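Since the structure is predicted, the reported quantities are computational estimates derived from the model, not experimental observations. All residue numbers in this chain count up from 1 along the given sequence.
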Amino acid sequence: MLGRIAAQRLAQTYGTPLLVVDLDLVDAAIERLTAVARSSGDLEISYAAKAFATIEFVRHLKRHAIGLDVCSLGELVTAERAGFPAQRLTLHGAGKTEAELRAACDERVGYVVADGIDELAALAALARGNGRCAAVILRLNAGVAASTHAFVRTGGDDTKFGIHPRDEGAAVAILQANPQLRFAGLHSHVGSQIRHPAAYRSNAAALLDAAKRFTEAGLPVERLVIGGGFAVATHPDDGESLDVAALVDAVRADVLEGSRERGYSTPRLGIEPGRAIVALAGTTLYRVLAVKRQSQRTFVVVDGGIAENPRPALYGARHLVVTAGPAEAPLAEMTLCGRSCENDELGLVRLPQALRAGALLAM
């Protein structure tokens with residue numbers, strides 16, 4: 001059962017591979033976060049659309065008191081077709097096209113996160129000609145390298161993301177020379193599937209130091225956004241998911257104390273959960289096409305794979321996979337894979353030895 005509907009019925013109705021999202025679980029995850037925001041009054045939550053976004057899903061998110069982060073014109077149009085309010089949208093991206101920057105200057109989003117000096121200068125030029133622009137948040141590389149897979153690490157000395165400390169002065173100069181750019185705060189994201197709060201607390205401390213420098217330059221910082229990437233356990237051997245509420249309380253205390261020590265007003269704290277909201281609500285249904293018992297391994301070939309779930313191939317992500325029905329003993333270790341011309345492995349799984357083509361699996 002997924003929610004209150006049989007997985008077999010969903011597969012028969014819609015075909016496979018099929019991604020099923022339980023909106024009750026999505027709502028529960030958002031409620032846990034918005035409860036923290038209500039209790040503090042100074043927490044801003046923005047869902048990272050890259051985790052999962054369709055028009056209907058974004059339309060569902062619209063009813064919640066959260067924002068939405070988009071990273072492309074495609075995601076922006078998805079949000080617009082869902083009727084998501086522009087003032088609650090934030091445009092991200094390590095390299096934005098001119099069309100995306102124009103969207104920010106046309107105020108199709110409430111905020112634009114500038115990821116580099118060239119981008120900030122281009123945004124300033126467009127805003128001069130346009131006479132308006134979304135509020136600007138600067139993404140900094142705060143130098144914090146989180147303990148996670150290198151492919152999903154977005155902070156530290158070996159990353160393409162954010163403005164290097166050596167370029168802070170240039171960013172300040174551009175903002176000072178272009179009052180049409182409304183400076184709204186600082187941002188730093190250090191990675192995905194981060195399990196330890198220390199990385200976020202170090203990131204917040206680095207942003208506080210930067211906020212002091214910007215404030216002294218005449219650019220007071222209204223908000224500090226510490227990103228997302230909160231670890232979610234998608235396999236029984238992964239350990240616990242990161243407790244985001246406890247993390248936020250700890251970081252908020254750090255920001256409050258740090259801003260007092262540095263002698264300026266306390267900025268609002270922002271987080272950008274994506275997987276932390278949707279991951280445990282999502283289940284992919286696959287139909288088994290073949291079970292191939294080769295010399296060293298048994299391969300289970302399904303009708304999906306790397307095309308709709310690249311995470312295992314990219315950085316070794318693991319997912320729990322079960323049969324969508326009674327599991328017949330005994331179980332055996334098998335390699336789940338897709339049918340593309342690459343190895344396309346989705347992971348090692350334990351499934352019934354008697355598994356046959358036609359069976360339905362749930363990831």
Would you mind checking if E56 and R59 are paired as a salt bridge, meaning a charged N to carboxylate O distance below 4.0 Å?
-> yes

Between T323 and L355 the two heavy atoms that sit nearest each other are CG2-CD1, 4.2 Å

Is there any ring-ring contact (aromatic ring centres under 6.0 Å, His included) pair reaching into residues 27-54, and which pairs are they, with sequence neighbours excluded?
-> Y47-F57, F52-F57

Closest non-hydrogen atom pair between A86 and R108, with its separation | CB-O, 3.4 Å

For F230, check ring-ring contact (aromatic ring centres under 6.0 Å, His included) against everything at least two apart and list the hits.
-> Y200

Could you tell me whether a side-chain N or O of S259 sits under 3.5 Å from a main-chain N or O of L256, the two making a donor and an acceptor?
-> yes

Close side-chain approach of V112 to T90, heavy-atom, < 4.5 Å = no

For residues S46 and G67, report the shortest heavy-atom separation together with the two atoms involved.
-> OG-C, 3.3 Å

Please check if the side chain of T234 supplies one atom and the backbone of H319 the other of a donor-acceptor pair under 3.5 Å.
-> no

Are any non-hydrogen side-chain atoms of L348 and M334 less than 4.5 angstrom apart?
-> no

Close side-chain approach of L207 to D209, heavy-atom, < 4.5 Å | no

What salt bridge (Lys or Arg N to Asp or Glu O under 4.0 Å) pairs are there with at least one residue in residues 110-122, not counting sequence neighbours?
-> K96-E119, D115-R139

Would you find a donor on one side and an acceptor on the other, under 3.5 Å apart, between the side chain of H164 and the backbone of R166?
-> yes

Give a yes or no answer on whether the side chain of T16 reaches the backbone of L18 with a donor-acceptor pair at less than 3.5 Å.
-> no

Within residues 279-302 or reaching into it, pairs that qualify as ring-ring contact (aromatic ring centres under 6.0 Å, His included) - sequence neighbours excluded = none

R260 CZ: over 12 foreign heavy atoms closer than 6.0 Å = no

Given R268, R223, R252, the one that forms side chain to side chain donor-acceptor pair (under 3.5 Å) with D42 | R252

Take E75 and K50, measure what salt bridge (charged side-chain N to carboxylate O under 4.0 Å, His left out) needs, and give me the verdict at the end.
-> CA-CA 8 Å; E75 289 183 352; K50 61 181 176 284; over 6 Å; no

Using the benzene-type ring in the case of Trp, are the ring centres of H92 and H189 under 6.0 Å apart?
-> no

Nearest heavy-atom neighbours spanning A7 and L360 = O-CD2, 3.8 Å

Flag side-chain contact, heavy atom, 4.5 Å: L76 against V109 = yes

Min side-chain heavy-atom separation I277-L33 under 4.5 Å = yes

Judged by atom type as modelled, is there a donor-acceptor pair below 3.5 Å linking the side chain of R88 to the main-chain atoms of K62?
-> yes

Determine, stepwise, if the pair V300 / L361 fulfils side chain to side chain contact (heavy atoms under 4.5 Å, CB included).
-> CA-CA 10 Å; V300 178; L361 302 182; 4.2 Å; yes

What are the two closest heavy atoms between A357 and V291, and how far apart are they?
-> N-CG2, 4.3 Å

Could you give all pairs that pass the ring-ring contact (aromatic ring centres under 6.0 Å, His included) test and reach residues 12-41, with sequence neighbours left out?
-> none

So which of L336, L289, D344 actually passes side chain to side chain contact (heavy atoms under 4.5 Å, CB included) with V302?
-> L336

Salt bridge check: are R4 and D22 linked by an N-O gap of less than 4.0 Å?
-> no

Using a side-chain heavy atom cutoff under 4.5 Å and only I, L, V, M, F, W and Y, what cluster partners does V225 have?
-> none

Does N343 CG have over 12 foreign heavy atoms under 6.0 Å away?
-> no

Tell me, with the steps shown, if R293 and T298 meet side-chain hydrogen bond (donor to acceptor under 3.5 Å, both in side chains).
-> CA-CA 4 Å; R293 293 172 174 85; T298 295; 4.5 Å; no

Candidates V136, L138, I117, L123 - the one meeting side chain to side chain contact (heavy atoms under 4.5 Å, CB included) with I174 | I117

